[in-house]
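Below is one structure, written out as structure tokens; the observations come after it.
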2 protein chains.
Amino acid sequence: MGVEDVGVPNAGTTAPRRDSGVLQTADRALQVLLAFRDRPEWGVTELARELALDKSVTQRLLATLARRGFVLADPETRRYRLGASVGVLARAAERGGTLEATARPVLAELSRRIGESTILNVPHGAAYRCAVAVDADGPVRYSGTVGATIPAHGGAAGHAIFAFYPQDEVRRLLGDAPLARYNELTLTDWDTLARTYAKVRAEGVAISHGEYDANVTSVAAPCFALDQIIGSIVIIGPHDRMATKVDTAVDLVRGAAQRLGDLLSGSG
Amino acid sequence: MGVEDVGVPNAGTTAPRRDSGVLQTADRALQVLLAFRDRPEWGVTELARELALDKSVTQRLLATLARRGFVLADPETRRYRLGASVGVLARAAERGGTLEATARPVLAELSRRIGESTILNVPHGAAYRCAVAVDADGPVRYSGTVGATIPAHGGAAGHAIFAFYPQDEVRRLLGDAPLARYNELTLTDWDTLARTYAKVRAEGVAISHGEYDANVTSVAAPCFALDQIIGSIVIIGPHDRMATKVDTAVDLVRGAAQRLGDLLSGSG
DNA sequence: AACGGCGTTGTGTTTATCACAACAGTTTCC
DNA sequence: GGAAACTGTTGTGATAAACACAACGCCGTT
């Protein structure tokens, strides 16, 4: 009100100065790294255009990343690719077990509610790996083995993961050799697999009545963190018991996958 | 000389202003990420101490990393772990194929010189995977299959990788189940394996006369980039032919592994 | 209750970063 | 064949962004 306050020193400075304390230069470095999701190889100028940064800034960001081994400059083409430190960190992340610690309570809750065994599976090359397993109570139950790997085309849990991969990558991973058959229901040709994937993408859930292990019905939902497929959560049980509660299982497994994704995305 | 220049504004500014254009804030963010190699979980204060940074700086770095999914804050303990973006990047790196492109010429040169097939293997969970293979010329030769995986304890190439893993991690990966036997020479107990690893560490090379595939002799050397084990390069050939040139093979494979490591570290 | 630990937030100072420009090599395309 | 257009890299002043310090609120222990 007073006319005297001629120059309010900083009219908006009481509010948080920056976007909640995010460091611009560091954030830009991370943006550069994440750009390699879309393209395996970047030149300085084209990356600068993509991220709307100055050439010089991009060049210095890449040089900084290169010095720590996060990117690698091809001495011939002067283009950059992801470097060795990325793999090193990934191993550390796996070893650290964030995923396991976060997923276990979610699976336990899911298992309790549906009364069947639940598993978190993660992609592992051209296969998927059982990362966390929670067995149901009671004598008759499926028992997941942590660390076991199953080829990508085997079972609902695999469909719920690889349906959300870039499909050209899936084809590359599966290769040219014929796909292994586990019983008369296994999907062994690419066309059937592609149709199944389309259905899974549309419905957000994959259901298998014995495609891999003939004795069990599986209901699997994909789990996304930061819009990236991380793995799938699956409910597994004997056919007869599962038959009466497939609808419930679909709802619950979708919810659990969503919940885990939120937790892993930091919004939980 | 003049008494007047009280404050020389910048006494060395003609020289490159900073350490060759490395951005401090970005570099610090990368240091934070790499700290998770040594410990899976960090609090703000202890990480600040470790890196000799201010608490507030560390906190803002972690917040920046968290917003992009590179780290994840446990809402309970307020401690940070590596996040989902690390895995996403690792998949992109694998898909991108930097390793393959870099390794192929090195392997080709090695194969030409020794006159046998050569393979680059990379760790893949509790196994190792054939990432790049270059066959020798001639009718009698070992032919490596890209994508094939072999359990960690099978063959020289595995020893040359897992000897340089933290040994407690190797034990965890191998698990409690008995190790698969491929022939009478396969190393199937942990004690023998541990002794072999010690020898491999001391000599910088692993030699197998048919431990996995009974028909071939393998000479393998570990490959490091930025002081981290990346994989191993192996020379494989029939026993009789290899017998006459094991010493040469040891020298050559060591050199090739060193060369590849240098290339991947950006110093090539 | 007082302490010592934590993670978080505010703020003036200053310094690291930005944006623009200029440079030297390559490739491209008349 | 030559110049135009493209790379990636480096220099530099202005300025905004990051730093370092301090204060705060919170929790568990003493």
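Just so it is clear: chains get the letters A, B, ... in the order the sequence lines come, proteins before strands, and each one is counted from 1.
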Handout entry: Base dG11(D) paired with Arg60(A) side chain (donor-acceptor, <3.5 Å)
Key = yes
Problem - Distance-only donor-acceptor test (3.5 Å): side chain Ser56(B), base dC19(D) - result: no
Practice task
Would you indicate, yes or no, if dA17(D) has its OP1 or OP2 atom less than 4.0 angstrom from a side-chain nitrogen or oxygen of Gln24(B)?
Solution key: no
Exercise for the section: Select base, sugar-phosphate, or nothing to describe what Arg28(B) touches, counting heavy atoms under 4.0 Å on all strands. Expected result: sugar-phosphate
Of the candidate nucleotides [options], which contains the atom at the shortest distance from the side chain of [X]?
X        : options                   : value
Val57(B) : dT17(C), dA20(D), dG7(C)  : dA20(D)
Asp54(A) : dT7(D), dC20(C), dC19(D)  : dC20(C)
Thr25(B) : dA16(C), dG11(D), dG10(C) : dA16(C)
Arg78(B) : dT9(D), dT8(C), dG8(D)    : dT8(C)
Lys55(A) : dA20(D), dT9(C), dG8(D)   : dG8(D)
Leu23(B) : dC20(C), dC18(C), dT8(C)  : dC18(C)

Fill in the blank from the handout: Whichever of Leu53(B) and Thr45(A) has the more 5' nearest nucleotide on DNA chain D, that residue is Thr45(A)
Practice task
Inspect the contact between Arg49(A) and Glu46(A) and indicate whether a charged nitrogen and a carboxylate oxygen are less than 4.0 angstrom apart.
Solution key: no
Handout entry: Over-ring placement of Arg95(A) relative to Tyr165(B), 6.0 Å and 45° cut-offs
Key = no
Handout entry: Side chain to side chain, Leu82(A) and Leu33(A), heavy atoms closer than 4.5 Å
Key = yes
Practice task
Answer yes or no: are there more than 12 heavy-atom neighbours, outside Asp168(A) itself, under 6.0 Å from its atom CG?
Solution key: yes
